[in-house]
Amino acid sequence: MFKSVNAKLDAPSMEDNVLKMWKKQDIFKKTIEQRMGKPEYVFYEGPPTANGRPGVHHVLARAFKDMFPRYKTMRGYHVSRRGGWDTHGLPVEIEVEKQLGFNSKHQIEEYGVDKFNELCKNSVFTYIQEWEKLTDRIGYWVDLDEAYVTYTNEYIESVWWILKNFWEKDLLFKGYKIVPYCPRCGTPLSDHEVALGYDDAVDPSVFVRMPLVDKPDTSLLVWTTTPWTLPANVAVAAHPEVEYVTIERDHNGTKEKLILAKNLVEKIFKDEEVKVVDTYKGKKLKGVKYKPLFTFMTVDKPAYYVLLADYVTTEDGSGLVHQAPAFGAEDMEMAKQYDLPILLTVQPDGTFIPEITPWRGIFVKDADPLIIKDLDARGLLFRAGTITHTYPFCWRCKTPLLYYARESWYIRTSAKKDRLVELNNTINWVPEHIKAGRFGNWLENNIDWSLSRERYWGTPLPVWECENSDCKHRECMGSVAELSEKVGRDLTELDLHRPHVDNVHWKCVDCGGKMTRVKDLIDVWFDSGSMPYAQWHYPFENQDKFKQQFPADYICEAVDQTRGWFYSLHAISTLLNDDVSFKNVICLGHIQDGEGRKMSKSLGNIVQPWDVLNVHGADALRWYLYTATPPGQERRFSSDLVGDVIRSFTLTLWNVYSFFITYANLDKPQALTVTAPTNDLDRWLLSELNVLVRDVTNAYENYDVTNATRPVEKFVETLSTWYVRRSRRRFWKNDSSADKQAAYSTLYTALVTVAKLIAPAMPFLAEELYQNLVRSVDETAPESVHLAEWPQVMEEFIDESLNRDMNLVMKLVSLGHSARQKANRKVRQPLASASFSVGTTTERKALMNNVDTIADELNVKQVRLLDSATEAVSHTVKPFSKQLGQKYGNKFPAIQKAILSMNAEVVASTLMAGQPLEVTVGDETFQIISEEVEVKTQAKSGFAVAEDGAYVAALVTDLTPELIAEGMAREFVRRVQDLRKATDLDVADRVELFVEATAGLRSAIEAHEVYIKAETLTTKLSFANPPANASVVEDEFEGEKVKVGLLKA
RNA sequence: GGGCUUGUAGCUCAGUUGGUUAGAGCACUGUGCUGAUAACGCAGGGGUCACAGGUUCGAAUCCUGUCAAGCCCA
């Protein structure tokens, strides 16, 4: 009836078979098709790039992505899960540059942008087969056949449409951006590239005087490590709250006054005696004018005064920061805020412009000493030295990077800041702190999105500009049709990438000049953030599809995407249609190695997913990722940690499953559905099972992965170590009683339900269990567990008090074992009685309802309550600090002391009689009730005792000859069972026994012959020398000797 | 420099609105049990709850500061 099950599980090969079955029966497609017309559950795949190999961190994200579509499918939703690939951008270009041995943009231009981009396009899917293979193997169901690809013309056209929309709303504009720039390579560097090139550098450390306009004998003392930026100086920044001083000192025989931060005086002047003539807050300096150091450039706006900025520190320098907006991001921000002029004194190749006459054409770093000399000659230099600090260099050519103002296109996201924040507040973030924290903060401090990139392989910015520098008329194209109309020919076949699109021109409507596309591409994050629209070529096609699939119910990526994809999705949908693009998001922490270090090539500690998959399988890997830590946390990862999952969870479940199959195939139980359970164990298990279904379902609904998985582990453990252990005999019984049927149907229900509950998390094991448990007996059942319905909570089965009672029973049994151990009485030796003390009346009842279970577990003849009336007991009392503390506050310590100083027996008897206890402290009297004091009962003597809190187990350990004989019979059974096992008999095989034993043991065996024969499935037991062909064991215990021979009957 | 997160046993993690004796699993040791089990039960060792202050009758928990780690930004 059921397929027989190997008790040993080979997870990888089991999973392989499941994969084959899914493929053969096209299950994934069916999970989508069979839910057609059902409510839509929308999942967006954040597109990965396939020009690199997938690693463990991709498995992490994909495992979490996979869970909810599977869950929602089982809940009856239609979940199409379209894959996607991110195909543009610098990483692709860099790979191609490496291939070609290039290290600069010049080389690309010389080589030909068309050929270069062709190579980029071809390299985009270098590793797609590895991606597909891994995706398949880990059971991530995503539609890769229909995946959207960001480099297609359709995708780009949708992106253009969005940009045009922004253009029309005046949200797309041109401005300056400070970028880390390599003057040799002639290109700005990405943050990632900058991070590659930090190194120690020795730079000038220069203090200069900037004399005040109104008081020429007083100067601002200003510090810089980049003297070459001084000709571009337009202002000086002071911190509003920092204390500044004016000091007086001797200088070449005269007195001079200098202004600087108070707590830097000592550092700068060291032993020199200076006189502080004034002290004030930085904000007093606001607007103070100074004479410019250089006047090469004319300024068209107010400049050369002190402004206030919070980022000024007094760690280094003088507390007065020189502002050159063209060469510092913070400076540029201040320039925007104060409307300062921006002096571009340096050319893209890193040399001074002609206007800087003394140093024209000189590389700025080489000009540093010359500038210092010039300042010194004019008496403006206060001090020049050097400083060693970390500074970024170009990772390709080691040239020191300049921070440099470049023209750049922006999206005016700051205009919609409030809306970005408001809409974010409607999104469910997991973990929750990201919403107001990392992401919310980022939105609160929103700055305009720097959109353009001076590169080759990406979505071109669809803005055309008149080449006539007096005209500069600009137009933004929102579709291919619009562009075609402009030029008067059909451009449908045009490749929208560079350089082809750059060759499209038309006549300027204003001046008749030539309209040419600006050279920039757009940020790849704009590509991926456009996917809700662009994946459908919206609005040019699929308007209904878009409406149906927007916004996403669920997305999931790692935490580094807060500023990446999460932001680009959110910003674009907010600006475009004033809506969120996702409702729920899980934000994953990063993966570290087994020691908690981050995985990196240089450390050589990268774990390859295949190494884990081939050994432990995908389910164990997935389960580990779900259960190890909450999703937002970093998680340690190693093959061994995944292996623990197999041992602690998978095998436990598998063994219960194989136990069920083994006996069910022997017994062929009639019905497998549960109706109204009568057996307490069954009732309890079904109660726990439905609590589990309830809790796991709630967790899934709340995107709480940890609580959707961990409780299943706990349940399976209890199922194995309590339910099955306690029920074993019910399965062994040689009949087909109703009780046995009930045991089968209960265990069956538990296993099938667990299979469904783990289906989203462990899709393979769930399928394996389901196919055998369900499909092999019911051909009408859904073809796959992933097509099955999610289990319903059957509230009528939930009985919380029953669950509490069983917990108590386990607790008392545990105490009983503990007492046994203390008395050094092994469990095979029956004892006369176990007595217990429990806390409440309900618990007393629960104990009495379960005396049989407890007696059996502890191997005692009698189970009862310790009774103060009949037993020799004593009591101790312990005031509950929580109750008393909350009630009496700071009087609690005195009350506690008073209670403890009273006679414990008196206190106990008063409280147990339900009387309030009168406690006097000083001249106050308090009425203490029984709920406020724990009363512990203890056995005085004649018992082996174990206790925990209010719970006490006391065993009578005296042995009678009858008890000893029974113990010996059990010892004997144990030997026979071992022999059966060693002889490799089947569980149901009958045997014949031949026994030689010393007198005491022999009489014990004779006395318990019926029991022994039943336990060991013995048809005939004779006291005789075993025949030659029998399996034989000899042993000695309790001073008796035995020789047993066994033959299969 | 700023923001966010984390810090509890050798390891992986729990720890409810503050309650006096801080838990579980793994690993280790001892012992017991077992015809589903690669298991399981009981016991033991192992903790200045990162550190320092503060609030409180009482702090792993609340507040302030410090340190360390990770991520993002500058």
Side-chain angles (χ1 to χ4, degrees), chain A residues 5 7-9 191 310-313 315 328-330 333 431 433-434 436-442 444-445 558-564 589-590 592 594-598 624 627-630 632-636 640-641 644 646-648 650-663 706 710 713-714 717 720-722 724-725 728 731-732 810 813-822 824-829 857 859 878-886 888-896 946 948-949 970 973-974 976-978 980-981 985-989 1015-1017:
Chain A
V5 171
K8 295 195 200 311
L9 170 68
D191 295 343
D310 286 333
Y311 70 84
V312 174
T313 71
E315 299 272 305
E330 286 160 334
E333 278 305 307
H433 62 78
I434 306 275
R438 187 177 281 219
F439 197 67
N441 274 329
W442 164 253
E444 296 276 1
N445 299 311
V559 65
D560 50 273
Q561 296 294 333
T562 28
R563 262 84 161 180
H590 288 116
Q592 304 174 324
E595 270 77 56
R597 295 169 307 187
K598 69 172 166 182
Y624 174 75
T627 53
T629 49
Q633 222 112 308
E634 295 139 12
R635 68 206 68 223
R636 295 184 179 202
D640 287 347
L641 289 168
D644 286 344
I646 297 278
R647 282 190 315 136
S648 65
T650 314
L651 283 179
T652 312
L653 178 55
W654 188 263
N655 285 325
V656 175
Y657 163 64
S658 107
F659 171 88
F660 172 84
I661 296 291
T662 305
Y663 285 94
T706 315
R710 282 185 185 170
E713 287 185 324
K714 183 77 198 141
E717 193 198 317
S720 168
T721 62
W722 191 256
V724 174
R725 188 157 65 91
R728 250 187 312 215
F731 293 95
W732 292 345
M810 293 181 204
V813 165
S814 169
L815 276 178
H817 280 301
S818 177
R820 245 186 195 281
Q821 159 130 333
K822 279 182 192 155
N824 210 7
R825 290 279 189 241
K826 50 177 151 179
V827 181
R828 274 196 289 267
Q829 175 59 61
E857 278 289 318
N859 195 19
K878 184 186 155 204
F880 282 122
S881 48
K882 182 165 183 171
Q883 281 84 328
L884 289 171
Q886 278 169 2
Y888 297 107
N890 60 11
K891 289 171 187 152
F892 165 63
I895 295 171
Q896 180 183 38
D948 182 22
R970 258 186 92 153
V973 165
R974 185 84 280 282
V976 176
Q977 301 289 38
D978 278 344
R980 282 183 62 105
K981 217 174 193 175
L985 292 183
D986 204 72
V987 288
D989 286 339
E1015 283 293 298
T1016 58
L1017 299 185

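In the text below, chain A, chain B and the rest are named by the order of the sequence lines, each starting its count at 1.
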Sugar-phosphate, base or nothing in reach of A:Arg710, heavy atoms under 4.0 Å: sugar-phosphate
Euclidean distance for P, B:G65 against B:U48 (whole angstrom): 26 Å
Pairwise C1' distance for B:U29 and B:U61, with rounding to whole Å: 34 Å
Rounded distance in Å between the P positions of B:A9 and B:A24: 14 Å
Touch class at under 4.0 angstrom, heavy-atom based, for A:Pro630 against every strand present: sugar-phosphate
ring-ring contact (aromatic ring centres under 6.0 Å, His included) partners of A:Phe659, counting only residues at least two apart: A:Tyr663, A:Phe731
Residue-phosphate contact under 4.0 Å: A:Arg728 side-chain N/O, B:A36 OP1/OP2: yes
Qualifying residues under side-chain hydrogen bond (donor to acceptor under 3.5 Å, both in side chains), relative to A:Gln896, sequence neighbours excluded: none
Spacing of A:Leu884 atom CG relative to B:U56 atom P, expressed in whole Å: 21 Å
Residue list, side-chain hydrogen bond (donor to acceptor under 3.5 Å, both in side chains) with A:Arg563, at least two apart or on another chain: none
P atoms of B:U5 and B:C63, separation to the nearest Å: 12 Å
Steps toward side-chain contact (heavy atoms from CB on, under 4.5 Å) verdict (A:Asp560, A:His590): CA-CA 9 Å; A:Asp560 50 273; A:His590 288 116; 2.7 Å; yes
Watson-Crick and G-U pairing of RNA chain B, under 3.5 Å, as dot-bracket with | and [ ]: (((((((..((((.....[...)))).(((((.......))))).....(((((..]....)))))))))))).
Under the side-chain hydrogen bond (donor to acceptor under 3.5 Å, both in side chains) test, residues paired with A:Arg438 that sit two or more places apart: none
Between B:C13 (P) and A:Gln633 (CD): distance, integer Å: 8 Å
Inter-nucleotide C1' distance (B:U21, B:A60), Å rounded: 15 Å
Carboxylate-amine/guanidinium contact A:Glu857 A:Arg725, below 4.0 Å: yes
Under 4.0 Å protein heavy-atom contact, by nucleotide of nucleotides 39-45 of chain B - B base, S sugar-phosphate only: -SSBS--
Position toward the 5' end of RNA chain B (nearest nucleotide), A:Ile434 or A:Lys981: A:Ile434
Rounded distance in Å - CG (A:Asn824) to P (B:G30): 16 Å
Test side-chain hydrogen bond (donor to acceptor under 3.5 Å, both in side chains) applied to A:Glu634 - qualifying residues, sequence neighbours left out: A:Gln592
Euclidean distance, atom CH2 of residue A:Trp722 to atom C1' of B:C33 [Å, nearest integer]: 13 Å
Salt bridge present between A:Asp644 and A:Arg647 (N-O < 4.0 angstrom): yes
A:Arg438 side chain near B:G70 phosphate (N/O to OP1/OP2, under 4.0 Å): no
Candidate nucleotides B:C13, B:C33, B:A38, ranked by approach to the side chain of A:Lys826 - the nearest: B:C33
Non-neighbouring partners of A:Tyr657 that pass ring-ring contact (aromatic ring centres under 6.0 Å, His included), sequence neighbours left out: A:Trp654
Protein-nucleotide distance (A:Asp560, atom CG; B:C71, atom P), rounded to Å: 10 Å
Sugar-phosphate only, base, or nothing, as touched by A:Arg970 at under 4.0 Å among non-hydrogen atoms: sugar-phosphate
P atoms of B:G25 and B:G70, separation to the nearest Å: 32 Å
Listed partners of A:Arg828 passing salt bridge (Lys or Arg N to Asp or Glu O under 4.0 Å), at least two apart: A:Glu971
Nearest-angstrom distance, P atom, B:G58 to B:A74: 47 Å
Sugar-phosphate only, base, or nothing, as touched by A:Ile661 at under 4.0 Å among non-hydrogen atoms: nothing
Residue-phosphate contact under 4.0 Å: A:Tyr663 side-chain N/O, B:A36 OP1/OP2: yes
Touch class at under 4.0 angstrom, heavy-atom based, for A:Leu9 against every strand present: base
Residue whose nearest RNA chain B nucleotide is more 5′ - A:Asn890 or A:Val724: A:Val724
B:U56 versus B:U64 - spacing of their C1' atoms, nearest Å: 16 Å
Polar side-chain contact A:Lys8-B:U37 base: donor and acceptor under 3.5 Å: no
Sugar-phosphate only, base, or nothing, as touched by A:Gln886 at under 4.0 Å among non-hydrogen atoms: base
Check: A:Ser648 main-chain N/O paired with A:Thr652 side-chain donor or acceptor under 3.5 Å: yes
